[in-house]
Amino acid sequence: MFPKTALSPVRAAGKLLRRFSTQSVKNDDLHATAPIGPPRSAVDEQFRLLVNNVHDYAFVMLDAEGIVTGWNAGAQKIKGWAAHEIIGRPFTVFYPDEVVATGWPQEELRRAAAVGHFEDEGWRVRSDGGRFWANVVITALRDDSGVLRGFGKVTRDLTERRRHEEELRLSEERFRLLVDGITGHAIFMLDAEGRITSWNAGAERIKGYTAADVIGRHFSMFYTPEAQASGEPARHLARALAVGRAEHEGLRVRRDGSMFWADIVITPVYDSEHRLRGFAKVTRDASERRRIEELERSSRRMSEFIAMLAHELRNPLSPIRNAVSIMQLEPTLSPRLARCTGIVDRQLGTLTRLVDDLLDAGRIATGKISLRRTSIDFAEVVQRAVDAARPLIDTHRHRFAMHLPEGRIEISGDDTRLVQALQNVLNNAARYTADGGTIELRVRVAGEQVVATVSDNGRGIAPAALESIFELFTQEDSTPRGGDAGLGIGLALARRLVELHGGSLVAESGGPGLGSSFTMRLPRGSAAAAQAPTEPAAEAPAPAGQRALVIDDNRDAADTMVALLLLLGHEARCAYGGDEAVSVAQAFAPDVVFLDLNMPDGDGFEVLRRLRRLPGLAGVFAAATTGYGQQSDRDRTREAGFNAHLTKPVSIEHLLGVLQQAKDRVERG
C-alpha cells in the first residue's frame, strides 16, 4: 500500500463528490454529458469548474449500473478517451479482461453502495490498451430521499510512483537477501531504544539465536553481566550517536552461554528528515584472529626468551672453551687428562650446537633467517657436513658410505647454512640408528637440481609422522637412546634452510623398524658474488708479540682468555668493567681489544668510544665478543666501528683469525 499522505488528494476529491451528491443530484441530472452540470448555485458552479479543469485527476460520473455519464479533462488525459467516445459505455472498460472476468468491478460498486465509498488500487486500462497503476475512490451518490442515483469515481495515475517504489522494494529485497545470505557477520537492526528488529543468518550462526528468539528484545542480552551492570551497551549507542559510528571489541555471550571475542560496529540510522530510526549493528566473530594474535605474541615472547637464554648460556660456555683450549695447548698433559680434555671439547661442541639450534628456532618462528649466497662447490658442503657429523657417527660405530659425482658441483647458496642443514640430517640418522648400523649419503646431479639422499637402516618412521617430524620441537620417538634426543629442532631447521634456497627436504620410510631416507633437492641456480665469511678464520697461528686487552665482566671468561693469549705468546691484560678498561688501556696501550658488549657500568659501544678518545688508541683494533650472533648484531657492531665480531664461545681458530687480522692491519700501517 502507498502511504496515506500520497492518497489524501484522492480522498479529498471523494469527499467533495459526496458533498456535491447530497446537494446536486436530481433525476434529470443522471445522464448529463461532460462537462458535469448543470450548476445549482454559485458553489456548484465553482465545483463544476474545479472538476472540469483538473488535469491530474480523472473525475467520472456513473449511473447506478456503472454506465459512464460524466467525464472531465483529467479523465481524458489519464485514460485517453474523449467524452463522446466513452459516455454511455460501461465503466468495466477501464479494467483488464482478467479482472473483469472475476466480477471485481461490480464488487467495487456494491461495496461503495453499501458503505458510501470504496477505495482501491490496481491496474487499469487506457484507450490504447496500455496499462497504468491507479488509485481509485468510488463514492455512492444518493438523492435527498436516499435513493442511489449513481457513483462518482476519482482516479489518479500513480504508475511512476509505483515504479519508483517497486524499484525501491526490489532494491530492499536484494539487500535483504544479501544480508540474510551473509553467514560470516551478524548483521541486524535495532530500534532507537536498542531493541532488535531484524536478524540475519550470520547472526543466528554466530550467536546461536533464531530470529524468533531475539526480535523485540534489547541487544544488551549479548553482553556479559559485568558489561551490562557497567552500562556498556548504552555507552556504545551514545557514542554512535555522538560521532556517527561506534567501533569496539570485547567478549559477547552466545545462546549456550559460551563467550566469544567480537569485533563490533554500531551505526545510527536516520530518515530523510534526520530523525533517528534506530541502529545498524554488525558483529564479527574475531576469536580466531585474537587467538592467532595471541599465538604471535607468545611466539615473539618465546623467541625473545630463547634469544636471551642462548645468550646467557654462551657466557659460561666461553670460559669453558678457553679452559679447554688452554689444556689442549699444555704439552705435559697426561694421556688420561688428554682423553678427558677431548671429551669436554666434544661435549662442549654439542652444547654449543644446541644453543645455536635454540637461536635458529627463534629465527624460524620470526622469519629472521637470512642467507648470504655465494658461488659454492656442493661437494665441499657435503665434506664439511660429514666432518661435522663424523664424531656422532663414530660414537655409535656406524658404517658410513658416501657417493659423490666427480668434478665440481657448483650451486648458488649459503655454504654455512647448507652445511648446517645436511649435518642435521646426518645427525638425525646417527641418533635413530642402532649402534653398528649403516648410513649412506648419495649425491647426484639431476638436470638443474642437486639431489642429496641420506639413508639408514634404523628405527624407521611411521607413515603418519613423515610430515610432523619436520615441526619444531617434535620428535616421533620422545625417548631415543641415551642423551641423543636433541631438542626436536634439527629437521625443522634443515627443511626451512633448504626451502629458503628454493629446494625441498622430504622423508620416506617403510614404517617402524624399516629404516628411513631423507632427500634434499636444491636448484643449481646462478652464481652470486662472493661475500666475506661471517667469522674470521686462520690457516696458521698469528705471530706472537701483540698486546691484547680483554674486557669482560665475567671474570672467568676474562681470566681464561688472558691465560690462553699468554700461552699463544702474546702479552695480555684484562679488565672487568668499562671504567677499569679505560684506566688499564691508558697504561697498557693495547694493539687489539676483545670487548664484551654487556657490562654493568657501560655497554661495549660506549666503552669503545671512550677507548678511542684516549691518546694513541684512536685506531686500536677492536673485536666485539658477545652471545648475540645474528646478522643484525654483526651489522650493528660493524656500524659502531668494531673491526671484528666474535660469537661466544670463541673457538681458538676464530681467536687466531682476529689476532692475524689485527697484525696485518698494523703491518699495512
Side-chain angles (χ1 to χ4, degrees), residues 1-21 34 36 50-52 54-81 83 86 89-142 148 150-176 271-272:
M1 289 295 292
F2 293 103
K4 291 184 177 180
T5 53
L7 304 180
S8 57
V10 179
R11 290 196 179 92
K15 289 180 180 179
L16 284 173
L17 278 175
R18 288 196 296 275
R19 176 175 174 271
F20 179 68
S21 68
I36 298 173
L50 169 65
V51 170
N52 288 334
V54 168
H55 292 269
D56 293 330
Y57 295 86
F59 288 91
V60 181
M61 298 294 291
L62 309 175
D63 67 11
E65 283 71 41
I67 304 300
V68 178
T69 61
W71 194 255
N72 79 328
Q76 181 170 342
K77 175 186 175 185
I78 292 173
K79 297 176 182 287
W81 285 279
I86 196 67
R89 297 178 66 180
F91 85 112
T92 55
V93 72
F94 307 137
Y95 292 77
D97 291 342
E98 64 271 18
V99 177
V100 174
T102 66
W104 179 247
Q106 290 76 17
E107 178 64 18
E108 289 184 339
L109 296 185
R110 189 191 66 77
R111 294 187 184 188
V115 299
H117 75 283
F118 178 73
E119 183 175 345
D120 187 27
E121 285 187 12
W123 292 109
R124 298 295 184 268
V125 180
R126 304 185 202 274
S127 63
D128 61 2
R131 296 189 180 194
F132 68 100
W133 188 262
N135 173 251
V136 180
V137 175
I138 301 176
T139 303
L141 303 179
R142 299 180 183 276
L148 178 67
F151 299 92
K153 188 169 182 289
V154 182
T155 301
R156 186 182 183 194
D157 183 354
L158 296 179
T159 305
E160 188 64 19
R161 177 171 293 177
R162 177 177 170 80
R163 184 180 68 80
H164 287 306
E165 293 185 348
E166 182 64 13
E167 289 176 352
L168 178 60
R169 185 191 68 78
L170 290 174
S171 175
E172 290 176 344
E173 180 66 11
R174 285 193 295 267
F175 181 73
R176 183 189 65 79
D271 62 17
S272 59

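Note that this is a predicted model, so its numbers are computed, not measured.
- By the 4.5 Å heavy-atom criterion applied to side chains, Q106 and T92 are counted as neighbours.
- Two residues are said to be in side-chain contact when any heavy atoms from C-beta on lie closer than 4.5 Å; V68 and V60 meet this criterion.
- Across all non-hydrogen atoms, the minimal contact from V99 to T102 is O-OG1, 2.6 Å.
- Taking every heavy atom of both residues into account, A58 and A75 meet most closely at CB-CA, 3.4 Å.
- Checked options N72, L141, I67; the residue passing with M61 is L141 (criterion: side chain to side chain contact (heavy atoms under 4.5 Å, CB included)).
- Residues E119 and N135 form a side-chain contact, since some pair of their non-hydrogen atoms from C-beta on lies under 4.5 Å apart.
- Contact record, P105 with V100: CD-CA, 4.1 Å, taken as the closest heavy-atom pair.
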Give the C-alpha distance, both sets of side-chain angles, the deciding distance and a yes or no for side-chain contact (heavy atoms from CB on, under 4.5 Å) between R124 and V136.
-> CA-CA 10 Å; R124 298 295 184 268; V136 180; 4.0 Å; yes
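- By the 4.5 Å heavy-atom criterion applied to side chains, R162 and W123 are counted as neighbours.
- More than 12 heavy atoms of other residues, nucleotides or ligands sit less than 6.0 Å from atom CG of D271.
- A donor-acceptor contact closer than 3.5 angstrom is absent between the side chains of W71 and Q76.
- We find the NZ-CG distance between K77 and D56 to be 5.0 Å, quoted to the nearest 0.5 Å.
- Counting heavy atoms from C-beta on, the side chains of L158 and E165 never come closer than 4.5 Å.
- Residues E108 and D120 approach most closely at OE2-OD2, 2.8 Å, considering heavy atoms.
- Between the R142 side chain and the A113 main chain, a donor and an acceptor come within less than 3.5 Å of each other.
- Two residues are said to be in side-chain contact when any heavy atoms from C-beta on lie closer than 4.5 Å; F94 and V125 fail this criterion.
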Residue pair V93, W81: steps toward the side-chain contact (heavy atoms from CB on, under 4.5 Å) verdict: CA-CA 11 Å; V93 72; W81 285 279; 4.0 Å; yes
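- Contact record, A140 with A112: CB-O, 3.6 Å, taken as the closest heavy-atom pair.
- Under the 30°/60° scheme for interplanar angles, the aromatic rings of F91 and Y95 are found to stand perpendicular.
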Salt bridge (Lys or Arg N to Asp or Glu O under 4.0 Å) between R161 and E121, intermediate numbers included
CA-CA 13 Å; R161 177 171 293 177; E121 285 187 12; over 6 Å; no
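- Distance check: I138 CD1 to T155 OG1 gives 7.5 Å after rounding to the nearest 0.5 Å.
- Considering only heavy atoms from C-beta on, F118 stays 4.5 Å or farther from R110 through its side chain.
- Counting heavy atoms from C-beta outward, K79 and D157 have side chains that stay 4.5 Å or more apart.
- To the nearest 0.5 Å, the span separating OG1 on T69 from CD1 on I86 amounts to 11.5 Å.
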